[in-house]
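This structure is a prediction, so every number in the text was calculated from the model and none was measured. We count ligands from 1, going down the list as the structure has it; atoms in each ligand are counted the same way.
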Amino acid sequence: MRAEKTGRAAPDRPPKQWYGELAGVAATALALGVGELVAAATGGPSSPLVAVGGVAVDHTPTPVKEFAVTVFYTYDKLALQAGIVLVLAVFAAFVGVLTMRRLWYGLAGVALFGVIGVLSSATRASATWAYPLPSVAGALAAAGLLMLLRRNLPGRAAVSAQELRAPEAPDASEAPEALGEGTGPDTDVAAQEAPDAPTPVQGTPSPSSDAGVPVVEGARPLPDRRRFLVLAYGAIGAAAVAVAGGRRLWAQRVAAARDAVVLPSPSSPARPLPANVSAGVSGVDSFVTRNADFYRIDTALTVPLVEPDDWQLRIHGRVKRQLTLTYDQLLARPMVERYITLACVSNEVGGSLIGNARWLGVPVKDLLDEVEPDEGADQVVSRSVDGYTAGTPTAALRDGRDALLAVGMNGEPLPVEHGFPVRMVVPGLYGYVSATKWLTELELSSFSDFSAYWVRRDYAAKAPVKTQSRIDTPSSGKQLERGPVMVAGVAWAQHRGVSAVEVRVDDGPWQQARLAAVPSADTWRQWSWLWQATSGEHRLQVRATDNTGEVQTGREHEPLPDGATGWHTINVKVD
Ligand SMILES: Nc1nc2c(c(=O)[nH]1)N[C@H]1C(S)=C(S)[C@@H](COP(=O)(O)O)O[C@H]1N2
Ligand SMILES: [Mo]
């Protein structure tokens with residue numbers, strides 16, 4: 001083929017349409033990038049990308065969403081977003097092709113995008129004067145780029161000539177228009193910039209070798225093509241940089257807003273920790289988990305960035321009266337501070353998806369008492385800004401336990417990764433049915449009316465934490481010396497409390513471990529047991545008993561649908 005002869009990849013001119021498609025995609029990418037950057041800089045309520053994405057997801061027909069859930073399971077959101085990007089790209093390519101024929105078509109398409117962007121961001125609860133700016137700036141950038149690319153459309157004159165010649169030339173008025181522009185200001189620009197243009201290299205094919213298409217502008221088709229590609233790919237690159245830069249700016253704004261938060265002191269402070277909450281054995285997870293070490297579970301692709309000023313909580317649904325709270329209004333309420341251990345349903349036996357923190361927040365009970373839920377409203381659906389939902393039994397939120405809308409974690413405002421500015425924490429329930437981060441809505445509903453995020457993915461609708469225990473030291477597979485060995489770890493049965501922990505060696509009798517102190521039944525509990533290790537290979541197992549007297553089951557079960565069961569078992573070798 002010709003490629004061998006010239007050593008260049010594509011001497012065949014790609015179909016004229018391809019340039020249009022590239023132009024459309026590049027202009028759309030640039031619009032989104034500029035929009036993102038402007039949104040971040042002005043602190044508008046939301047980037048066009050997020051706003052349009054949100055509206056698109058909201059308007060995706062339910063069967064399509066359900067199909068996505070069954071086929072892509074937890075990746076449904078990724079799949080939906082990929083779908084949106086694909087649809088957008090196809091539409092963008094179409095607009096680009098039209099633009100290369102008729103500038104007005106393209107500008108109309110861009111304007112349509114802009115209007116959709118403006119309207120989407122206007123639907124946001126916290127819309128301000130700044131809301132149209134990102135979409136308008138993005139649309140202007142796209143329009144500018146489309147016009148620029150159109151002027152630099154490679155071989156446009158050649159194509160037009162071909163169209164002129166072709167018997168089925170569709171629109172007689174089109175070709176002269178294109179020709180006219182092609183030889184107009186466009187040509188002047190090219191002439192001015194000619195010295196800068198890259199010199200054609202290594203046997204560049206003459207355009208006339210191109211499938212016998214007569215070429216009018218024989219003098220400079222190649223630099224033209226290069227300029228077009230540089231502009232188009234450059235715009236896509238710039239868009240990527242703008243998106244990344246916008247996201248960074250945004251993260252910095254939120255970090256600064258978080259630093260500026262002054263947490264109120266609790267009207268009901270946490271009791272000081274008993275001196276002996278630690279079993280005093282190294283290798284055991286510390287009683288309080290540092291924020292930086294706290295496990296994380298997010299379905300969101302990127303951490304949601306919420307500014308406290310944009311935040312509000314709406315409590316609605318089956319209630320006597322609705323309630324809307326701003327961040328300042330929430331902070332002005334009486335706060336309680338408690339140590340509460342949070343655990344993930346996906347934690348395997350012996351796993352580390354569990355952590356304990358000192359949370360500061362407003363009791364959910366107080367808020368529910370104010371809105372007065374209807375009789376049958378047995379489920380509180382908590383919703384995150386990212387669309388995530390959890391369903392919590394209304395009864396569990398009103399039975400007097402310390403269910404909190406938390407704003408503080410271990411003396412700091414909530415870290416962004418852990419739900420800044422506000423999340424829910426409920427003692428005794430797995431995180432997926434209670435601990436919604438970046439909380440924005442509580443809807444009184446019923447279990448028969450609504451299934452939350454993970455429930456739609458086959459997890460149980462109700463999920464109290466199961467009694468569990470873990471050996472932290474020695475670690476499994478460890479080589480030990482004969483003689484005394486400290487065996488220690490943690491056990492948990494939140495809101496019931498741990499009353500006993502036992503250890504056994506090689507199916508021998510269960511031995512009582514020593515329990516460390518706890519501030520309440522809502523945290524995990526450290527334990528230790530002194531073992532006189534004898535030579536050989538040994539198997540160590542642990543089990544806990546909760547305060548209702550129920551012994552942790554040894555029946556092994558995977559986390560799905562409502563939490564793993566079984567005894568944590570480790571093997572060690574003693575010399
Ligand atoms: N918005 C949102 N909230 C969420 C989740 C999520 O994916 N998105 N995951 C839940 C799950 S499954 C758990 S176990 C806890 C984990 O909280 P952490 O990431 O702060 O440890 O958050 C819960 N809240
Ligand atoms: Mo979880």
Side-chain angles (χ1 to χ4, degrees), residues 50 54 57 69 73-78 254 258 285 288-306 311 313 339-349 351-361 364 380-392 396-397 403-410 412-443 451-466 468 492 494 523-524 558-564:
V50 171
V57 169
V69 170
Y73 201 61
T74 63
Y75 296 107
D76 65 316
K77 198 159 175 181
L78 189 60
V254 172
R258 178 177 175 271
D285 262 12
V288 177
T289 313
R290 294 187 324 161
N291 289 355
D293 298 337
F294 211 98
Y295 79 98
R296 275 179 57 195
I297 305 284
D298 305 331
T299 57
L301 299 176
T302 54
V303 176
L305 299 170
V306 183
W311 183 86
L313 176 71
Y339 289 94
I340 297 166
T341 297
L342 183 61
C344 182
V345 69
S346 303
N347 198 27
E348 303 274 355
V349 173
S352 55
L353 297 179
I354 178 165
N356 182 44
R358 179 164 47 92
W359 307 94
L360 174 76
V364 180
V380 175
V381 176
S382 49
R383 203 165 264 119
S384 164
V385 297
D386 66 1
Y388 177 87
T389 51
T392 311
L397 298 173
L404 302 179
L405 296 191
V407 295
M409 183 178 185
N410 291 328
E412 289 176 25
L414 274 185
V416 170
E417 298 78 13
H418 294 289
F420 181 76
V422 182
R423 77 172 306 169
M424 199 151 89
V425 177
V426 183
L429 304 182
Y430 284 120
Y432 83 100
V433 290
S434 65
T436 301
K437 303 188 275 187
W438 313 288
L439 180 73
T440 186
E441 213 181 288
L442 293 179
E443 182 183 356
S451 295
Y453 186 90
W454 286 110
V455 179
R456 264 175 276 154
R457 290 155 181 82
D458 304 333
Y459 280 83
K462 297 185 186 175
V465 172
K466 291 181 175 171
Q468 264 296 340
W492 59 92
Q494 289 96 306
T523 72
W524 59 8
E558 58 164 346
L560 192 79
D562 60 357

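Taking only nitrogen or oxygen atoms, main chain and side chain alike, W438 does not reach within less than 3.5 Å of ligand 1. Looking at G431 next to ligand 1, no N or O pair under 3.5 Å apart turns up. For the pair Y295 and ligand 1, the shortest N or O to N or O distance falls below 3.5 Å.
Salt-bridge annotation for D562 and K466: present, with a side-chain N of the basic residue lying under 4.0 Å from a carboxylate O of the acidic one.
The atoms of ligand 1 that sit less than 4.0 Å from any heavy atom of C344 are 14 (S). Near Y432, meaning under 4.0 Å from one of its heavy atoms, ligand 1 places the atoms 11 (C), 12 (S). Listed by atom number, the atoms of ligand 1 under 4.0 Å from S384 heavy atoms are 1 (N). Counting atoms of ligand 1 from 1 in the listed order, those under 4.0 Å from a heavy atom of T299 are 6 (C), 7 (O).
Here the protein heavy atom with the shortest distance to atom 10 (C) of ligand 1 is Y388 OH, 3.5 Å. The nearest protein atom to atom 9 (N) of ligand 1, hydrogens excluded, is given as I297 O, 3.1 Å; this is a heavy-atom distance. In this structure, the protein non-hydrogen atom closest to atom 17 (O) of ligand 1 is R423 NH2, 3.0 Å. Looking from atom 24 (N) of ligand 1 to the surrounding protein, the closest heavy atom is A435 O, 2.9 Å. Counting only heavy atoms of the protein, atom 19 (O) of ligand 1 lies nearest to K437 NZ, 2.5 Å.
Both the sub-6.0 Å distance and the 45° axial angle are satisfied by R457 relative to the ring of Y453.
Aromatic ring orientation, W492 versus W524: tilted (interplanar angle from 30° to 60°).
The proximity of F294 to ligand 1, defined as any non-hydrogen pair under 4.0 Å, is limited to the side chain. Contacts between L342 and ligand 1, counted as non-hydrogen atom pairs separated by less than 4.0 Å, involve the side chain only.
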Worksheet item: So D386 and K437, salt bridge (charged side-chain N to carboxylate O under 4.0 Å, His left out) or not? Walk me through it.
Response: CA-CA 9 Å; D386 66 1; K437 303 188 275 187; over 6 Å; no

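Looking at T392, L313, V381 one by one, the single match for side chain to side chain contact (heavy atoms under 4.5 Å, CB included) with L442 turns out to be L313.
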